[in-house]
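Quick caveat: nothing in here was measured; it's all calculated off a predicted structure. Values reported hereafter were calculated over all heavy atoms of this structure, with side chains retained and with hydrogens, waters and symmetry mates removed.
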Amino acid sequence: MTPADRLAPALDAALERLAAAPRLLVALDFDGTLAPEVDDPLSARALPEAAVALEALRALPQTIVALVSGRSLESLAHVGQLPPDTPLVGSHGLEVRLGAGAPEPAVDAADRERVDTLRAALAPLVAAVDGAWIEDKPAGFAVHTRVVEQDAAAALQRDARERASSLDSRLTVRDGKNVVEFAVRDATKGDGLRILRERLGVDAVLFAGDDVTDEDALRTLGERDLGVKVGAAATVAEHRVADPAAMAAVLAELAVRRRGILSA
Ligand SMILES: [Mg+2]
């Protein structure tokens, strides 16, 4: 680390304390935190110096590196390019993979049946509209109307919403641009991070993220943990760095200090 990007004193002290945790989880958002934002989501990659720092952390005993993202698990595994035993949280906490095995089921059998019933009821409405299609999601599905003529798209979205809410009053319904999404379960990155913390049995957590949805994870942190906001947006995190390059420097510094403590 060069003098120019020396750590702020408070972050320096927090890193020193965190480096000594008996069992440490380093859980990180991906886009905007490890990887610069790019136009094609599947071509995003962690900065080379971030990848090197993650590898250095992974090589240490009692040190777990995990990714926590809004991406689907599949997309996150693709862009993350980490070994298959890396714990991953996708879809803002709905999808969790603790290790190299299969992901945890996103919904239980009863909720799966709610999704299937709803999908079967809405599929004929969608099939009747030229260009509309259904995308399956971990806890529901999305009806896409991007290439549908405007009036037909509005009518389909309205009909689908009405049909859905008459069948299942507990649904979460989200309107997006040219898409309406139906889900039987809601989750946040905070839920995902809680699962990682409990199931991996760690003593302390470093979490870093750049986006609004990362705040849910930052809010779950306690006294022994360390939260870092990447970028200038408002945050509950106690510490802040400017960009993914500065975040990579923090991770590299953590690896150096933890190696020093563990080998002492
Ligand atoms: Mg991000």
*State whether the side chain of Thr86 and the backbone N or O of Leu82 hold a donor-acceptor pair below 3.5 Å, judged by distance alone.*
no
_Min side-chain heavy-atom separation Leu57-Leu254 under 4.5 Å_ = yes
_Candidate list Asp225, Val202, Leu206, test side-chain contact (heavy atoms from CB on, under 4.5 Å), partner Leu25, passing option_ = Val202
*Side-chain contact test, heavy atoms from C-beta onward, threshold under 4.5 Å: evaluate it for Leu200 versus Ile195 and give yes or no.*
no
*With sequence neighbours excluded, tell me which residues meet ring-ring contact (aromatic ring centres under 6.0 Å, His included) with Phe30.*
none
*Please check if Leu218 and Leu18 belong to a single hydrophobic cluster, counting links between Ile, Leu, Val, Met, Phe, Trp and Tyr side chain heavy atoms closer than 4.5 Å.*
no
*Can you hop from Leu76 to Val65 via hydrophobic side chains spaced under 4.5 Å?*
yes
*Any side-chain heavy-atom pair from Ser165 and Leu171 closer than 4.5 angstrom?*
no
*How long is the span from the CG atom in Asp216 to the NZ atom in Lys189, to the nearest 0.5 Å?*
9.0 Å
*Please test Leu125 against Arg163 for side-chain contact (heavy atoms from CB on, under 4.5 Å), starting from the C-alpha separation and ending with a verdict.*
CA-CA 9 Å; Leu125 298 181; Arg163 192 76 219 280; 4.1 Å; yes
*Under 3.5 Å, side chain of Ser91 to main-chain N/O of Gly93, donor-acceptor pair present?*
no
_Distance alone, cut at 3.5 Å: any donor-acceptor contact between the side chains of Glu95 and Ser72?_
no
_CG on Asp108 to CZ on Arg112, rounded to 0.5 Å_ = 10.0 Å
*Hey, quick one: are Leu221 and Leu15 part of the same hydrophobic cluster, counting side-chain heavy atoms closer than 4.5 Å, chains of contacts allowed?*
no
_The test is salt bridge (Lys or Arg N to Asp or Glu O under 4.0 Å); show your working for Arg71 and Asp29 and say whether it passes._
CA-CA 10 Å; Arg71 287 175 181 262; Asp29 169 50; over 6 Å; no
*Of Leu73, Leu196, Leu98, which meets side-chain contact (heavy atoms from CB on, under 4.5 Å) against Leu88?*
Leu73
_If you count every heavy atom of other residues, nucleotides or ligands that lies below 6.0 Å from Arg146 atom CZ, does the total exceed 12?_
no
*Side-chain contact test, heavy atoms from C-beta onward, threshold under 4.5 Å: evaluate it for Thr220 versus Val205 and give yes or no.*
no
_Taking CD in Glu113 as the centre, count heavy atoms belonging to other residues, nucleotides or ligands within less than 6.0 Å. Is the count above 12?_
no
*For the residue pair Phe182 and Phe141, does the interplanar ring angle fall in the parallel (under 30°), tilted (30 to 60°) or perpendicular (over 60°) class?*
tilted
*Are more than 12 heavy atoms from other residues, nucleotides or ligands located less than 6.0 Å from atom CZ of Arg23?*
yes
*Give a yes or no on whether Glu238 atom CD has more than 12 heavy-atom contacts from other residues, nucleotides or ligands under 6.0 Å away.*
no
*Look at the side chain of Asp40 and the backbone N and O of Leu42, then say whether any donor-acceptor pair between them is shorter than 3.5 Å.*
yes
*asked:* Can you tell me how far apart CZ (Arg197) and CZ (Arg194) are? Round to the nearest 0.5 Å.
replied: 9.0 Å
*asked:* Strictly below 4.0 Å, N to O, side chains only: are Arg114 and Asp168 in salt-bridge contact?
replied: yes
*Flag if over 12 foreign heavy atoms under 6.0 Å of CD, Glu37*: yes
_NZ/NE/NH1/NH2 to OD/OE distance under 4.0 Å, Arg185 and Asp191_ = no
*Would you find more than 12 non-hydrogen atoms of other residues, nucleotides or ligands less than 6.0 Å from Asp130 atom CG?*
no
*Indicate, with yes or no, if Val89 and Phe207 share a hydrophobic cluster defined by side-chain heavy-atom contacts under 4.5 Å among Ile, Leu, Val, Met, Phe, Trp and Tyr.*
yes
_Derivation and outcome, side-chain contact (heavy atoms from CB on, under 4.5 Å), residues Val228 and Val241_ = CA-CA 7 Å; Val228 181; Val241 296; 4.0 Å; yes
*Any chance you could measure Thr33, atom OG1, to Asp214, atom CG, to the nearest 0.5 Å?*
5.5 Å
*Side-chain heavy atoms of Thr188 within contact of Thr213, under 4.5 Å*: no
*asked:* What I'd like to find out is whether the side chain of Arg161 reaches to under 4.5 Å of the side chain of Asp175, using heavy atoms alone.
replied: yes
*Are Arg257 and Asp12 ion-paired here, with the side-chain N under 4.0 Å from a carboxylate O?*
yes
*Could Asp136 and Arg119 be called an ion pair, given the rule that one side-chain N must be under 4.0 Å from one carboxylate O?*
yes
*Close side-chain approach of Pro36 to Leu47, heavy-atom, < 4.5 Å*: yes
*Electrostatic pair Glu215-Lys229, nearest N-O below 4.0 angstrom*: yes
*Assess whether salt bridge (Lys or Arg N to Asp or Glu O under 4.0 Å) is satisfied between Arg240 and Asp210, documenting all intermediate values.*
CA-CA 10 Å; Arg240 189 190 292 279; Asp210 69 306; over 6 Å; no
_How about CD on Glu104, more than 12 heavy atoms from neighbouring residues, nucleotides or ligands closer than 6.0 Å, or not?_
yes
_side-chain contact (heavy atoms from CB on, under 4.5 Å), that's the test. Do Asp203 and Leu24 meet it? Break it down for me._
CA-CA 6 Å; Asp203 303 290; Leu24 175 65; over 6 Å; no
_Non-hydrogen atoms of Ala204 and Arg224 that approach each other most closely_ = CB-O, 3.4 Å
*Go through the side-chain N and O atoms of Arg258 and Thr63 and say whether any donor and acceptor fall under 3.5 Å apart.*
yes
*What do the steps show when you test Leu156 against Val148 for side-chain contact (heavy atoms from CB on, under 4.5 Å), and what is the final call?*
CA-CA 10 Å; Leu156 173 59; Val148 177; 5.6 Å; no
*Would Val256 end up clustered with Leu262 when hydrophobic side chains under 4.5 Å apart are linked, directly or stepwise?*
no
*So does Asp39 have more than 12 non-hydrogen atoms from other groups sitting under 6.0 Å from CG?*
no
